[in-house]
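A short worksheet on the structure shown next.
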Protein chains: 2
Amino acid sequence: MTKDVDAFGGLSVGLSNRLFFRLYQCANMLHKTGTRALDEHGITTQQWAVLGALTRPAFENGVAVGDLAAFLLVSRQNLAGVLSRLEVLDYVERAVDANDNRSRLVRLTAKGRSLWDKDMRSVIADYYDEALTGFSTEDKIHMIHYLDKMLHNFKALDPEAQPVSGTAAAAE
Amino acid sequence: MTKDVDAFGGLSVGLSNRLFFRLYQCANMLHKTGTRALDEHGITTQQWAVLGALTRPAFENGVAVGDLAAFLLVSRQNLAGVLSRLEVLDYVERAVDANDNRSRLVRLTAKGRSLWDKDMRSVIADYYDEALTGFSTEDKIHMIHYLDKMLHNFKALDPEAQPVSGTAAAAE
DNA sequence: AAAATAAGGTAAATATATTGACATAAAAGT
DNA sequence: ACTTTTATGTCAATATATTTACCTTATTTT
């Protein structure tokens, strides 16, 4: 009775496998529990991520679709679908960029801002408290550090995500 | 007592928000880069997770669909779709449980085992090496610990995943 | 034996998520 | 002016992923 170590032939691979499987499970649960937490408002985790990004000071005055996709690390076509649904619900709007008529700047509507501030923020704060039960501030910082490190490696693995030059979107 | 008076300006909520956004980004990149790494074999990260689970010693002789869904933390209906595609490709098969004719035991076929051993394992090992560049053994252990902790909280949040009693599937 | 329970299959609706491909329009370079 | 690049939109195909719901079958309980 071997442990999973044997199935992979080495301790190192076994550890990595365990880590990635946990990440996979956490990703599944993030979407499952996150969407359920915001179920009363009909918001999914992806919509949550979009709305949350749009509340960032850097995106306060609108962000280009491509930049937002790069920031969220999703494809442009996928983001377009999410944005369309949020637009129908009048939570976000697209305005033509005065500086570049090709570009449409996505931003929160008043209704979207209200949804975030009045309805979502407290729910999200409670969700964070529950999902991070037992995490000290140091734990969180360490976890963020590891996720950052992994993210950096992922980006190196991704041919699309290469231009990490100083654009506001790629910065963080 | 931390000061989360101003919701997202607060240090505590800000940290949690940052952590979850990183997790969200990592989840996106895991599926994007993972599927791309196995692209030559036409395997997605979900199929990877299923095949990987079936190579576990505990599942060597087959596992019930419901148990596998609980193990992977996905819905039964979702898993059914993934299994159907893998079945068409002759990587997995379903056999009636001798002990319970209702239950079908999912297991790897010889072709599936060969795919895993001859084609996928080395690719996955390389992928792990790249995605975990700069991670020491201690780093991995710490990361796993944090993911485990978060997973535990997620399960507490999930009404379906409550029966954490001694079933083999829920055990790990 | 009849009823309740459990496992699985299946269907449907919705929302992600990817890639590739094509169209449009505007900006930039030659 | 012409060409190329850029930004977006859109369509299509495929694969996840969720929930609700119903059906079948088999086991278990009454």
Exercise. Rounded off to whole Å, could you give me the NE2-to-P distance for the B/His41 and D/dA15 pair?
Key: 17 Å

Quiz item: How about B/Tyr146 and A/Phe135: do any of their side-chain heavy atoms sit closer than 4.5 Å?
Solution: yes

Quiz item: Does A/Arg76 put a side-chain nitrogen or oxygen below 4.0 Å from OP1 or OP2 of C/dT19?
Solution: no

Quiz item: Rounded to whole angstrom units, what separation is found between the CH2 atom of A/Trp48 and the P atom of C/dT16?
Solution: 14 Å

Quiz item: Expressed in angstrom and rounded to an integer, what is the separation of B/Ile43 atom CD1 from D/dA15 atom P?
Solution: 11 Å

Self-check item: D/dT18 phosphate, OP1 or OP2, under 4.0 Å from B/Asn78 side-chain N/O
Solution: yes

Practice problem: Using whole Å, report how far CD of B/Gln47 lies from C1' of D/dT14. | Solution: 11 Å

Self-check item: Minimum-distance pair of heavy atoms, taken over all atoms of A/Leu72 and A/Val50
Solution: CD1-CG2, 3.7 Å

Self-check item: Pairing residues for A/His145 by the side chain to side chain contact (heavy atoms under 4.5 Å, CB included) criterion, not counting sequence neighbours
Solution: A/Lys149

Quiz prompt | Helical bend (five base pairs per end, nearest 10°) for the helix from C/dA1-D/dT30 to C/dT30-D/dA1 | solution = 20°

Practice problem: Look at the side chain of B/Gln77 and the base of D/dT20, then say whether one donor and one acceptor between them are separated by less than 3.5 Å. | Solution: yes

Quiz item: Should the ring pair A/Tyr24 and B/His31 be called parallel, tilted or perpendicular, given that the plane angle runs from 0 to 90° and is split at 30 and 60?
Solution: perpendicular

Quiz item: Is any side-chain N or O of B/Thr44 closer than 4.0 Å to OP1 or OP2 of D/dA15?
Solution: no

Quiz item: Below 4.0 angstrom from OP1 or OP2 of D/dA17, is there any side-chain N or O of A/Lys32?
Solution: no

Quiz prompt | Test side chain to side chain contact (heavy atoms under 4.5 Å, CB included) applied to B/Gln77 - qualifying residues, sequence neighbours left out | solution = B/Ser75

Quiz prompt | Separation of C/dT18 P from B/Leu30 CG (nearest whole Å) | solution = 12 Å

Practice problem: Report yes if at least one side-chain N or O of B/Gln46 is closer than 4.0 Å to OP1 or OP2 of C/dA17; otherwise report no. | Solution: no

Self-check item: Contacts of type ring-ring contact (aromatic ring centres under 6.0 Å, His included), residue A/Tyr127, not counting sequence neighbours
Solution: A/Trp48, B/Phe20

Exercise. Quickly work out the A/Leu38 CG to D/dT18 P distance and round it to whole Å.
Key: 17 Å

Quiz prompt | Sequence-distant partners of A/His152, side chain to side chain contact (heavy atoms under 4.5 Å, CB included), two or more places apart | solution = none

Quiz item: In chain order, what residues pass the salt bridge (charged side-chain N to carboxylate O under 4.0 Å, His left out) check against B/Glu60, with sequence neighbours excluded?
Solution: B/Arg113

Practice problem: Tell me which residues in residues 83-106 of chain A put a heavy atom below 4.0 Å from DNA chain D, sorted by number, or none. | Solution: A/Arg94, A/Arg102, A/Ser103, A/Arg104

Quiz item: A/Leu79 CG to D/dT8 P: how many Å, rounded?
Solution: 10 Å

Quiz prompt | Euclidean distance, atom CZ of residue A/Arg36 to atom P of D/dA17 [Å, nearest integer] | solution = 16 Å

Quiz item: Closest nucleotide of DNA chain D for A/Asn28 versus for A/Val65: which of these residues is on the 5' side?
Solution: A/Val65

Quiz item: Listed by chain and number, what are the salt bridge (charged side-chain N to carboxylate O under 4.0 Å, His left out) partners of A/Asp39, not counting sequence neighbours?
Solution: none

Practice problem: Applying side chain to side chain contact (heavy atoms under 4.5 Å, CB included), name anything that partners A/Ser122, two or more places apart in sequence or on another chain. | Solution: none

Quiz prompt | Residue A/Ala80, side-chain heavy atoms: nucleotide from D/dT10, C/dT16, D/dT18 that is nearest | solution = D/dT10

